[in-house]
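Below, chains carry the letters A, B, ... as their sequence lines are ordered, and counting in each starts from 1. Just so it is clear, the model here is predicted, and its values are computed rather than measured.
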Amino acid sequence: MRPENAMKFNIDEIRKDFPILTRETQSGARVVYLDSTATSQKPVQVIEAMNAYYRRSNANIHRGVHTLAEESTALYEGARERIARFINASSAREVIYTRNTTESINLVAYSWARANLQAGDLVILTEMEHHSNLVPWQMLQAEKGIELEFIPVTEDGLLDLETYKTLLNRRPKLVSFTHMSNVLGTINPAQEMIRLAHEAGALALVDGAQSVPHLQVDVRALDADFYAFSAHKMCGPTGIGALYGKPALLEAMPPFLGGGDMIKEVKLRSFRPNTLPHKFEAGTPAIAEAIGFGAAVDYLSQIGMDAIARHEHEITSYALERLEEIPGLKLFGPSADQKGGVAAFVLDGIHPHDVAQILDRDGIAVRAGHHCAQPLHEKFGIPATSRASFYLYSTKEEVDLLVNGIYKVKELFG
Amino acid sequence: MDDLYREVIIEHYKNPTYRGQLNPHDISFADNNPLCGDHIQIDLRVDAEGTVTDARFDGHGCAISQASADLLIEAIVGKPLESIKRLGKQDVLDLLGIDLGPVRLKCALLSLKVLKAGVYGLGEASDELVEE
Ligand SMILES: Cc1ncc(COP(=O)(O)O)c(C=O)c1O
């Protein structure tokens, strides 16, 4: 889309933006960070934006008239505008700050779903969901008697869309699914799935925790009703995330948390909620983090999401190719063309925790466990996987170090 | 750090002496480490004097969790139940011959937790059984 950006993608320059990538681990090895799916590293641009806020502008937002309060408010709201533009929302009022993807999904479950779902109403999820898009619905099931159905995952790690279509005949009220799996890496056909949901009369909530960091996401082109994501996985700080919602839906929803900021007027026995997006933002928010979030989308936009996706695709293809060569290693998920920068694997006879621990000696950071997707692992009949994941700063050399490390693990276990 | 995967640990992981189940048994208990899905079941046979005459462990998990189970069983066969109640964290670390960070400590102590919960006849294995 933006070919001029492709020219600018310079991995050496990008790596210089991430000071942590030059540090050493206990063993004296330089860190090889292959755990960006859990959380990304942060560029100096983000760290500096947050520092500058605390050094220069810190004040509580919205109600103050003094210089610092006005400046803080402008920075906080300015970040929201850039985040809205980043996902192509039509206005900043459609973007609600939350703590993270998990809270965004819970916001929909508490506010929209409690007001709109009744016993017997169907919500469709998938077998590849993160616990954050399972548990809120299970809680609602226990409370209200809603029904849950799951789109199955095929052996190749794709969603079984035929079964999805059959499930849609049961007239669900909501379809909630991840745009990209944090284990299999699968990029789901969100646009088509949302279109089918709408044809069946359902709303669609998309878990964008893994997609917004890695793909060009356009919530309007997708026609998503709700879209949830976290700053910390996209070069931003922890403690801040967002929920995009179509304005008509957000307007009609009851408030989530009650307190300061989310109100227009309070009497002893009543209140009037504030307008969007403030209606859903009670209490003093994570101001510095929101500003860091804004700096993160600036950073990603400046490099270009297309260029980032292209780089990750190249690294992922290379990684899958190299990993497949290793005897006794089994990869999960589809081929590189259908997935993002995630490689989850198991090694014959060696537990994923041991793999991760031994790799750590060489500074290689991979994650081991069920990655908050226990049902998906059960489906594949394994308790855990090791997972290497890639981002804009990942290199082929790092993939080589990973592969060498895995050979060392195999040697140790003989 | 480097001797975390000492030969003895890899050896007990790959070729455990006491893997299996005992049927019949006098005591059986199982639990998971929710963090990594490690699973350990321990079966004991106990004689009239309260001495462990035979024991087995079963389950799956990382080398640390499985090797420590095998070493632990080795250490308790022929011992009175009362002495098992006195076992603690340091005893397991001594058996393994290593020091562990907080995450892997949970893996190492799972078998002791299961064993003590079984010996005490508890409904659930709690972390308190292996603290100190
Ligand atoms: C697909 C997916 N959904 C949801 C989440 C939860 O994100 P957070 O912990 O930031 O709420 C994650 C993070 O691991 C994820 O990968």
Original post:
Under 6.0 Å from the NZ atom of A/Lys408, do we count more than 12 heavy atoms belonging to anything else shown?
Top reply: no
**OP:** Considering non-hydrogen atoms only, spot the tightest contact between B/Tyr5 and A/Arg361 and give its length.
**Re:** CD1-NH2, 3.3 Å
Original post:
So do the side chains of B/Asp38 and A/His351 get within less than 4.5 Å of each other, counting heavy atoms only?
Top reply: yes
Subject >> Residues, nucleotides or ligands: over 12 heavy atoms within 6.0 Å of B/Arg19 CZ >> reply: yes
**OP:** Ignoring hydrogens and angles, tell me if any N or O in the side chain of A/Asp354 forms a donor-acceptor pair with the backbone of B/Ala63 under 3.5 Å.
**Re:** yes
**OP:** Taking B/Lys14 for its side chain and A/Gly349 for its backbone only, find out whether a donor-acceptor pair lies under 3.5 Å.
**Re:** no
Original post:
Crowded around A/Glu155 CD? As in, over 12 foreign heavy atoms under 6.0 Å?
Top reply: no
**OP:** Mark yes when over 12 heavy atoms from residues, nucleotides or ligands other than A/Glu325 sit less than 6.0 Å from its CD; otherwise mark no.
**Re:** yes
**OP:** Could you tell me which portion of B/His39 (side chain, backbone, both or neither) has an atom closer than 4.5 angstrom to a non-hydrogen atom of chain A?
**Re:** neither
Original post:
Do other residues, nucleotides or ligands put more than 12 heavy atoms under 6.0 Å from A/Ile20 CD1?
Top reply: no
Subject >> Closest non-hydrogen atom pair, A/His353 against B/Arg104 >> reply: O-NH1, 3.4 Å
